[in-house]
Amino acid sequence: MRRSVSFVSAFPLGTLLFLVIISLFQTRNIWLVAEAQNVSVPAVFFFGDSYGDTGNNDYIPTYSKANFPPYGRDFINHIPTGRVSNGKLMPDYFVEGLGIKDLLPPYLDPNLQDSDLITGVNFASSGSGLDNKTSQILEVIPFWKEVEYFKEYKTKLIGLVGDERATMILSEAIYFIAIGTNDFIANYFLFPYRSSHFTISQYTDFLLQTYASYIKELYSLNARKIGLINVPPLGCLPTERTLHYIDSNGECVEKINEAASGFNEGLNAIIKQLKPVLPGLKIVSLDYYALVLQFIQNPGKDGFEVTDKGCCGTGDIELGFLCNKFTPFTCADADKYLFFDSVHLSQKAYEGIANIFLGREILQLL
């Protein structure tokens, strides 16, 4: 006589518990996407630098561009779009994960459709900084101008949908800001002007005060849900390892990492200061620093093989026009690299970080 075997007895208890946990996790993710698609997040806006610029610099006179190969080689149809990577960036994964649209278009794109404006656009400019001097050095859009573009955008949005709906979109949208990197690596630690006038502590305070003023200005423009993406371990960027090789012997540059950590700590302090004085504000810090450092210290866990060099060229210094289709030694598989060029991450890294943020800090903004 054949014995019947129950489902429970066929699997060890540990396996059953694992399956239950996985099922609950998947159900939770499905619920979150459904919530986002149920107009809980009608739009996304992104401000900052090259970690988020999806092509604004294509439309301004600057050398800080990435609209040529090998940039974009793993993007849709292998087209370089101005994204400083081999493919998508964090803002693209944010809008996709929130169920809004596939990509976050640059505000300066002359081909923007009304539907693009209504569901959010990108104001970031590669090379931008909180310090106006930083943007002058790289001849890009300064952060204050990004905010001015947002004001212009707001007028357009009201013209499209009316005051009431525009207010709803702006107050329920999520605003992401990734800024500060260039103020350190393309300004303070590269040129003597700021470093001869400010200690690193004074300069950091100046940047943070400027940052806080912009957050308040965005709040006055109806921003109520803001995610601040802090700066990565800047001393571990391949270009910084190279430029400071004598001091660091090719390892992460400690003094620059300390500056980045100090800035990030100050950012957390700003969040604590602003919450009580800006009613209705939801604001969180997205710990970009910790995730990049995690990839560097334990690369195998996430499938990376190279974390101290970029994929493009030698990986030590190639960036912007130095990373082009004629650059020799560019890697065949960017997914093995944490960095695509000597400063910016690969598409795989951006995707991994964005997905972690979507399942963690961004939940606090929903």
Side-chain angles (χ1 to χ4, degrees), residues 41-62 64-67 71-72 75-76 79-85 88-96 98 100-130 132 134-135 138-161 165-179 182 211 214-215 217-229 344 350 354:
V41 183
V44 160
F45 303 103
F46 202 101
F47 299 82
D49 53 33
S50 52
Y51 293 139
D53 183 2
T54 53
N56 282 311
N57 279 19
D58 292 356
Y59 306 102
I60 64 172
T62 177
S64 185
K65 295 181 185 287
N67 55 352
Y71 292 112
F75 192 71
I76 302 164
I79 297 174
T81 59
R83 290 167 170 82
V84 194
S85 185
K88 295 180 181 180
L89 305 183
M90 282 187 287
D92 299 314
Y93 289 114
F94 288 160
V95 293
E96 181 183 11
L98 290 167
I100 299 172
K101 49 190 173 184
D102 294 332
L103 303 168
L104 190 64
Y107 177 66
L108 296 184
D109 184 349
N111 298 312
L112 277 181
Q113 303 297 308
D114 290 350
S115 60
D116 294 319
L117 291 171
I118 293 170
T119 52
V121 287
N122 194 323
F123 300 95
S125 173
S126 298
S128 189
L130 292 161
N132 290 337
T134 302
S135 303
L138 297 169
E139 298 182 327
V140 298
I141 303 168
F143 197 81
W144 67 264
K145 184 63 175 178
E146 293 183 27
V147 176
E148 289 301 308
Y149 278 137
F150 178 68
K151 293 177 183 178
E152 179 183 275
Y153 161 84
K154 182 178 178 180
T155 301
K156 291 180 181 179
L157 182 65
I158 292 172
L160 285 172
V161 302
R165 189 178 173 204
T167 299
M168 183 280 293
I169 291 171
L170 295 174
S171 61
E172 293 297 325
I174 296 180
Y175 299 71
F176 294 101
I177 307 175
I179 197 77
N182 295 305
Y211 207 151
Y214 285 129
I215 294 170
E217 187 169 7
L218 287 172
Y219 177 86
S220 74
L221 296 167
N222 283 16
R224 292 296 183 271
K225 301 177 180 182
I226 303 176
L228 307 181
I229 302 171
H344 304 93
Y350 282 131

Considering non-hydrogen atoms only, spot the tightest contact between N132 and P142 and give its length.
OD1-CB, 4.0 Å

May I ask you to decide whether E96 forms a salt bridge with K101, counting only side-chain N to carboxylate O separations under 4.0 Å?
no

For the side chain of S125 and the backbone of I141, is there at least one donor-acceptor N/O pair under 3.5 Å apart?
yes

For a quick test of reading the model, state the closest non-hydrogen atom pair linking I118 to L157 and the distance between them.
CA-CD1, 4.0 Å

Counting only N and O atoms by type, is there a donor-acceptor contact under 3.5 Å from the side chain of N122 to the main-chain atoms of P105?
no

Minimum heavy-atom separation for G52 to P91, with atom names?
O-CG, 3.4 Å

Just so I know, are the side chains of P61 and E139 near enough to count as touching, which here means a heavy-atom distance under 4.5 Å?
no

Report the C-alpha distance between F123 and Y149 in whole Å, list the side-chain angles of each, state the deciding distance to 0.1 Å, and finish with yes or no for ring pair (Phe, Tyr, Trp, His ring centres under 6.0 Å).
CA-CA 7 Å; F123 300 95; Y149 278 137; 7.3 Å; no

Closest heavy-atom pair and its distance - Y107, K156:
OH-NZ, 3.1 Å

Ring pair (Phe, Tyr, Trp, His ring centres under 6.0 Å) assessment of Y214 paired with F143:
CA-CA 9 Å; Y214 285 129; F143 197 81; 4.9 Å; yes

For N56 and D53, indicate whether the former's side chain and the latter's backbone hold a donor-acceptor pair under 3.5 Å.
no

Test side-chain contact (heavy atoms from CB on, under 4.5 Å) on I177 and I229 and set out the steps.
CA-CA 6 Å; I177 307 175; I229 302 171; over 6 Å; no

State, to 0.1 Å, how close A43 and I169 come at their nearest heavy-atom pair, and which atoms those are.
CB-CG2, 3.9 Å

Side-chain donor/acceptor of D109 to backbone N/O of P106, under 3.5 Å:
no

Can you confirm whether E152 sits close enough to T155 that some side-chain heavy atom of one is under 4.5 Å from a side-chain heavy atom of the other?
no

Where does the angle between the aromatic ring planes of Y175 and F45 fall among parallel (under 30°), tilted (30 to 60°) and perpendicular (over 60°)?
tilted

Can you tell me how far OH of Y153 sits from CG of L160, rounded to the nearest 0.5 angstrom?
8.5 Å

Working to the nearest 0.5 Å, report the span between CG of L117 and CG of L112.
5.5 Å

Do I179 and F47 make a side-chain contact, defined as non-hydrogen atoms from C-beta onward lying under 4.5 Å apart?
no

Do side-chain atoms of S50 reach the backbone of V84 as a donor and acceptor pair under 3.5 angstrom?
no

Below 4.0 angstrom, N of the basic side chain to O of the carboxylate: do E146 and K151 qualify?
no

Closest heavy-atom pair, S128 versus N182, reported as atoms and distance to 0.1 Å, is O-ND2, 2.9 Å

If you round to the nearest 0.5 Å, how far is NE2 of H344 from OG of S85?
9.0 Å

Would you say the side chain of F75 lies within less than 4.5 Å of the side chain of L103, judging by non-hydrogen atoms?
yes

Could you measure the distance from the CD1 atom of I215 to the OG atom of S220? Nearest 0.5 Å is fine.
12.5 Å

Apply the test ring pair (Phe, Tyr, Trp, His ring centres under 6.0 Å) to residues F176 and F94: give CA-CA distance (whole Å), side-chain angles for both, the deciding distance (0.1 Å), then the verdict.
CA-CA 10 Å; F176 294 101; F94 288 160; 4.3 Å; yes

Just by distance, do the side chain of N222 and the backbone of L170 share a donor-acceptor pair under 3.5 Å?
no

Quick one: CD1 on I76 to NZ on K88, what's the gap to the nearest 0.5 Å?
5.0 Å

Below 4.5 Å, heavy atoms only, C-beta onward: do Y51 and L89 meet side chain to side chain?
no

Quick check: do D102 and D92 have side-chain heavy atoms less than 4.5 Å from each other?
no

T81 and R83: side chain donor to acceptor below 3.5 Å
yes

Would you say that L138 contacts T62 through its side chain, given a criterion of any heavy-atom pair below 4.5 Å between the two side chains?
no

From L104 CG over to T54 OG1, what is the distance, rounded to the nearest 0.5 angstrom?
5.5 Å

Answer yes or no: is there a donor N or O on one side and an acceptor on the other, between the side chain of N57 and the main chain of A66, under 3.5 Å?
no

